[in-house]
Amino acid sequence: MAKEKSAVQADQQDVYQTPAYRRSRGAYIMECTFEYFVSILVTEAFLARLLTSIGISDALIGVISSFVSLAFLCQLFSIFVVQHIRNVKRFAIIFHGLSRLFFMSLYLIPFLPFAYQYKEILVIVCVISAYFGNYFVASMLYKWCNSHVHPEHRAIFSASKEMISLITGIVVSLGAGYIIDRFDSLNNLEGGFIFCAVAIFIFSLCDLICLFLVKKDEPPKVKEPPVPFREVLKNTLGNRNFRNVVILSVMWNVAAYTTTGFLGTYKINPHELAFSVGAVQIINLVGNMGRFFVSRPFGRYSDRTSFARGMKLAMMFAALSFATLIFVTPSTRYLIVVQALLYRICLAGSNQNMMNITYSYVDSRYFVQATAIKNSISGLCGFGASLIGSRILAWVQARGNTVFGIPMYGQQLLGLLSCALTVCIILFLHFVIQKQTVLKQ
């Protein structure tokens, strides 16, 4: 029996070393890199600069920046269609490509001869459509591409993939930040927007080429009947261990989206931290360098211990990051560098572990459905948190940046709230998640 098991493991190991699997892993790494380049140009300071030029308020910019959490609801649709898709590769590429097109369209909106109100609506439509296309197939794409990675090396592979994205993303963020600032200094911000649109088009094209190089997921020789929705629920939300993972994801999304969507305007607002877009990219560079150096140690730690322990370590850095934000004011504005560094280090552990932890408590047959359910519920809660955050920010600004008579910017108060919730997450991980039985697959 032991010999048969060893033979099966050896055969499995040989499969992952075949040229097709190795090519697929390399293509997947590069696809994530180009996808990251696009995300750089449609988040934080870049998005804030684009939206402020249209005339959108800080509070609404924060909400729009958090649409990514609401877009996770789109994954719910994948629960009903994933079992009927015979060619995951083609299906994923179509929707992923459409999402890139809408991201590019964002930078063309300022050139349209429409009133502010219509441009505002178009921005919201483009952001929602882009994230819909992206997240509708995200869990399918992840399972398909990640199927070429050995199960025992998932965390370290995720870390390596992230490191390549980060180190190359530094060049993109610094270069794009410099170009935007240069165009702005020449009173030609529209030229900077054209540059961003062209860059997104090129990165998106490279992204799709990489997906074409990933090995097609072979359908089973014997077509299995669709899994009833009741069975899906029984093996996902009916699983107490998985429900706790959903609670964990909800808590983290609420903590993150209460604050992060409002930091872009805080950094570039001339009446607050007053950084240029280029300076913000240098701050991001510091954070990404920290994330780069800890990504593989985080991956090794998670593979050696558990995804839950890796997540708990990440949350400790998150709590420190939000605590630092409490003390960031125009007179201490360079503390934002420390805050960015701690938060990016946190992401080195939270991103990979939050995705991989689903493998530990749900059978692989229900991975796509479980991921969609988890991301949809937590995404909706995260978006709700951003709406509450926008109200809190507007409330503080309406009172001259004071809270009950104490001088304080809205982002400082949001950081305090996120810090308190992150401490609760650490306790939940320690006393609940770590004590769950890991599913042996």
Side-chain angles (χ1 to χ4, degrees), residues 30-56 58 60-62 64-68 71 96-114 116 118-134 165-166 168-210 260-261 263-265 267-269 275-285 287-288:
M30 293 310 301
E31 184 275 329
C32 290
T33 300
F34 289 117
E35 183 177 5
Y36 179 61
F37 292 168
V38 173
S39 72
I40 288 173
L41 296 176
V42 294
T43 54
E44 213 187 38
F46 289 104
L47 183 62
R49 193 70 188 88
L50 171 66
L51 300 187
T52 52
S53 71
I54 295 174
I56 297 176
D58 289 0
L60 183 55
I61 289 174
I64 292 173
S65 299
S66 301
F67 273 165
V68 60
H96 190 73
L98 287 173
S99 74
R100 308 298 98 180
L101 181 63
F102 280 107
F103 278 133
M104 182 186 72
S105 299
L106 277 173
Y107 280 98
L108 302 179
I109 291 176
F111 299 96
L112 298 177
F114 298 151
Y116 155 75
Y118 297 110
K119 289 183 179 180
E120 181 179 278
I121 293 172
L122 280 173
V123 164
I124 294 173
V125 169
C126 280
V127 171
I128 291 177
S129 300
Y131 282 123
F132 172 83
N134 188 69
S165 296
L166 288 172
T168 52
I170 287 171
V171 178
V172 172
S173 61
L174 286 178
Y178 171 79
I179 291 171
I180 288 290
D181 284 342
R182 180 64 177 166
F183 275 109
D184 196 12
S185 66
L186 296 173
N187 294 319
N188 183 24
L189 192 56
E190 291 79 8
F193 294 157
I194 293 175
F195 163 79
C196 288
V198 172
I200 290 174
F201 174 78
I202 294 172
F203 294 148
S204 299
L205 185 61
C206 295
D207 181 336
L208 295 177
I209 291 173
C210 290
T260 54
L263 293 183
T265 55
K267 292 172 184 176
I268 67 172
N269 192 314
F275 287 110
S276 67
V277 174
V280 171
Q281 299 319 304
I282 294 176
I283 294 171
N284 291 339
L285 164 64
N288 284 337

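The chain is numbered in sequence order, starting from 1.
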Inter-residue atom distance Asp207.CG - Met30.CE, 0.5 Å rounding: 10.5 Å
Close side-chain approach of Cys196 to Ile180, heavy-atom, < 4.5 Å: yes
Ile282 side chain near Phe275 side chain, heavy-atom distance below 4.5 Å: no
Heavy-atom pair with the smallest gap, counting every atom of Ile109 and Cys126: CD1-SG, 4.1 Å
Audit row: Ile200, Val42, side chain to side chain contact (heavy atoms under 4.5 Å, CB included) steps and yes/no: CA-CA 9 Å; Ile200 290 174; Val42 294; 3.9 Å; yes
Shortest non-hydrogen contact from Phe46 toward Ser173: CZ-O, 3.9 Å
Distance in Å, Glu120 CD paired with Ile56 CD1, rounded so as to fall on 0.5 Å steps: 5.5 Å
Which atom of Arg49 lies closest to which atom of Ile268, heavy atoms considered: N-CD1, 4.1 Å
Thr168 side chain near Phe37 side chain, heavy-atom distance below 4.5 Å: yes
Side-chain donor or acceptor of Ser99 paired with backbone N/O of His96 under 3.5 Å: yes
Tyr131 side, atom OH; Phe102 side, atom CZ - distance, nearest 0.5 Å: 14.0 Å
Inter-residue atom distance Asn134.CG - Phe103.CZ, 0.5 Å rounding: 5.5 Å
Side-chain heavy-atom pair Ile170, Gln281 within 4.5 angstrom cut-off: no
Interatomic spacing from CG in Leu106 to CG in Leu101 - rounded to 0.5 Å: 10.5 Å
Euclidean distance, Cys210 SG relative to Leu205 CG, rounded to 0.5 Å: 10.0 Å
Between Arg182 and Asn188, a side-chain donor and acceptor under 3.5 Å: no
Shortest non-hydrogen separation from Ala279 to Asp181 and the atoms involved: N-OD2, 4.3 Å
Pairwise side-chain contact, Tyr118 with Leu112, heavy-atom cut-off 4.5 Å (strictly under): no
Nearest heavy atoms of Leu166 and Tyr36, plus distance in Å: CD2-OH, 3.7 Å
Least distance between heavy atoms, Tyr107 atom then Phe193 atom: CB-O, 3.5 Å
Sub-4.5 Å side-chain heavy-atom contact between Val172 and Phe203: yes
